[in-house]
Amino acid sequence: MHTGLKNLRRKLDAHEVILGSHVFCGTGMLTEAIAMCGFDVVWIDMEHTAIDNQKVLENLIACRAGGAAGFVRIRWNDPVLAKPIIDMGADGVIFPYIRTAEEAKLAVASCEYPPKGIRGFGPLRALDYGQIPVETFVDDEYRNMLRILQIEHIDAVENLEAIADVEGIDAFIVGPNDLAGSVGHIGRPNHPDMLPIHKRLAEILVRAGIPFGVSVGYDPETLRRWMDLGARIFFCGHDSGYVQQGACRMHEEMSALLRPVS
């Protein structure tokens, strides 16, 4: 287990706060630079981006080089989509849009070898290119990868106690925007109607003893509210946003400094 994943696992076990950022562009240099900033984990997103499998591999390598764990959100809860990502040695796979216990069981089965699961055997980077003995890997090592399920529909909240009972889930991540959209408040994740829903799902997960967190835009009040509810995993910001913000700030400062003297 590499250093970034060891640190992440230690923080999870100690119930410490975990800080993460998103990658939407898939440029390896940017991902490595973000990882080097001190984030515990970098979220490589396939669901809403043009990032393909080859880019995922490059970004996972960049995460490890920068000292962070690398999670990958696949496009759908589909074992065929999960298989190559897992074999690339992702430190965690995020399964989107889980709504039922049966869907949760499928996600977990995608990560487990038979007889517990349906994962086929074909690791390469996950096997450290042969540095890890096969028997060690299949008996124990592969389970170091985290299985993370997303709560982003009201159906998931309604079924959350049953979902949380599924064996093999390491963490949950709430997607407040899609969750709000599922009850008619798209684009308004902090609508007053959402607050009791957030409280309800948090109470269920705290009671179940499963770590959970959120993927949100940076807003101090929102982050503090989720932390008060028991969230300990936080994903904010993304690579393209950092570039644009820095470029805009540089342009503004240069324009002010180098404005022609009348």
Side-chain angles (χ1 to χ4, degrees), residues 2-5 7-8 11 16-52 54-73 90-92 94 96 148 150 152 173-181 185-191 194-195 198 213-229 231-262:
H2 67 90
T3 302
L5 183 54
N7 290 338
L8 184 69
K11 287 190 171 185
E16 295 180 17
V17 171
I18 291 170
L19 303 180
S21 187
H22 305 88
V23 165
F24 294 158
C25 294
T27 303
M29 286 179 64
L30 284 179
T31 300
E32 183 182 23
I34 291 169
M36 291 172 68
C37 290
F39 288 106
D40 299 302
V41 56
V42 174
W43 169 318
I44 303 162
D45 195 72
M46 300 186 78
E47 185 182 10
H48 294 293
T49 73
I51 296 175
D52 60 16
Q54 181 61 39
K55 282 293 184 184
V56 167
L57 178 59
E58 294 168 7
N59 278 261
L60 288 172
I61 293 170
C63 288
R64 187 177 299 189
F71 287 179
V72 181
R73 178 166 68 174
D91 297 315
I94 302 169
I148 306 108
Q150 276 207 274
E152 43 189 352
I173 298 293
V174 180
N177 278 299
D178 283 331
L179 181 57
H185 297 305
I186 190 70
R188 298 170 179 82
N190 292 324
H191 189 282
M194 300 309 302
L195 303 186
H198 296 167
V214 291
S215 169
V216 292
Y218 179 74
D219 175 69
E221 183 177 345
T222 297
L223 294 176
R224 281 193 294 267
R225 183 170 60 80
W226 277 106
M227 190 165 184
D228 289 343
L229 289 173
R232 291 296 179 267
I233 307 169
F234 299 90
F235 287 95
C236 293
H238 53 87
D239 46 5
S240 58
Y242 301 141
V243 171
Q244 185 185 46
Q245 291 160 16
C248 287
R249 184 170 62 250
M250 179 60 65
H251 177 262
E252 290 171 2
E253 292 179 4
M254 290 177 67
S255 296
L257 177 66
L258 304 175
R259 185 180 298 115
V261 178
S262 56

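Here CD1 of Ile148 is found 5.0 Å from CD1 of Ile94. Values are rounded to the nearest 0.5 Å. In this structure, Ile173 CD1 and Arg73 CZ are separated by 10.5 Å, a value rounded to the nearest 0.5 Å. The NZ atom of Lys11 lies 3.5 Å from the CG atom of Asp40; values are rounded to the nearest 0.5 Å. Between atom NE2 of residue His2 and atom CG of residue Leu8 there is a gap of 9.0 Å, rounded to the nearest 0.5 Å.
Residues satisfying the salt bridge (Lys or Arg N to Asp or Glu O under 4.0 Å) test with Asp239, not counting sequence neighbours, are none. For Gln245, there are no side-chain hydrogen bond (donor to acceptor under 3.5 Å, both in side chains) partners, not counting sequence neighbours. In this view, Leu57 and Gln54, Ile61, Met88, Arg125 satisfy the side-chain contact (heavy atoms from CB on, under 4.5 Å) rule, not counting sequence neighbours. Considering only residues two or more places apart in sequence or on other chains, Val17 meets the side-chain contact (heavy atoms from CB on, under 4.5 Å) condition with Leu19, Met227, Arg232, Phe234. Residues passing the side-chain contact (heavy atoms from CB on, under 4.5 Å) test with Met36 are Glu32, sequence neighbours excluded. Considering only residues two or more places apart in sequence or on other chains, His48 meets the ring-ring contact (aromatic ring centres under 6.0 Å, His included) condition with none of them. Under the side-chain contact (heavy atoms from CB on, under 4.5 Å) criterion, Asn177 pairs with Pro189, not counting sequence neighbours. With sequence neighbours excluded, no residue forms a salt bridge (Lys or Arg N to Asp or Glu O under 4.0 Å) with Asp91. In this structure Phe235 satisfies the ring-ring contact (aromatic ring centres under 6.0 Å, His included) test together with His22, Trp43, sequence neighbours excluded.
Side-chain contact between Val174 and Trp226: present, with at least one pair of heavy atoms (C-beta onward) separated by less than 4.5 Å. Contact of the Asp45 side chain with the Ile51 side chain is not registered, since no non-hydrogen atoms from C-beta on lie closer than 4.5 Å. In this structure the side chain of Asn190 never reaches within 4.5 angstrom of the side chain of Glu221, judged on heavy atoms. Annotation: side chain of Ile44 is in contact with side chain of Cys63 (closest heavy-atom distance under 4.5 Å).
At distances below 3.5 Å, at least one donor-acceptor pair connects side-chain atoms of Arg188 with backbone N or O atoms of Ile186. A donor-acceptor distance shorter than 3.5 angstrom exists from the side chain of His238 to the backbone of Gly241, with no hydrogens or angles considered. Put simply, the side chain of Asn59 gets close to the backbone of Gly26: a donor and an acceptor are under 3.5 Å apart.
Each of Thr222, Asp219, Leu223, Val214 was scored for a side-chain contact (heavy atoms from CB on, under 4.5 Å) with Cys236, with one residue passing: Leu223.
The shortest heavy-atom contact between Gly237 and Ser21 is O-OG, 3.4 Å. Of all heavy-atom pairs spanning Leu60 and Gly70, the tightest one is CD2-O, 3.7 Å. Across every non-hydrogen atom of Ala231 and Gly213, the tightest pair is CB-CA, 4.1 Å. Here the closest non-hydrogen pair linking Ala35 and Ala68 is CB-CB, 3.8 Å. Contact record, Pro176 with Ser215: CD-O, 3.4 Å, taken as the closest heavy-atom pair. Nearest heavy atom pair, residue Asp52 against residue Met46, reads C-CE, 4.0 Å.
Screening residues 16-29 for salt bridge (Lys or Arg N to Asp or Glu O under 4.0 Å) gives Arg10-Glu16 as the qualifying pairs, with residues at least two apart or on separate chains. Sequence neighbours left out, not one pair with a member in residues 242-257 passes salt bridge (Lys or Arg N to Asp or Glu O under 4.0 Å). Listed by first and then second residue, the salt bridge (Lys or Arg N to Asp or Glu O under 4.0 Å) pairs involving residues 56-72 are Lys55-Glu58, Arg64-Asp128 (not counting sequence neighbours).
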Step by step, work out the side-chain contact (heavy atoms from CB on, under 4.5 Å) result for Val23 and Leu30. CA-CA 9 Å; Val23 165; Leu30 284 179; over 6 Å; no

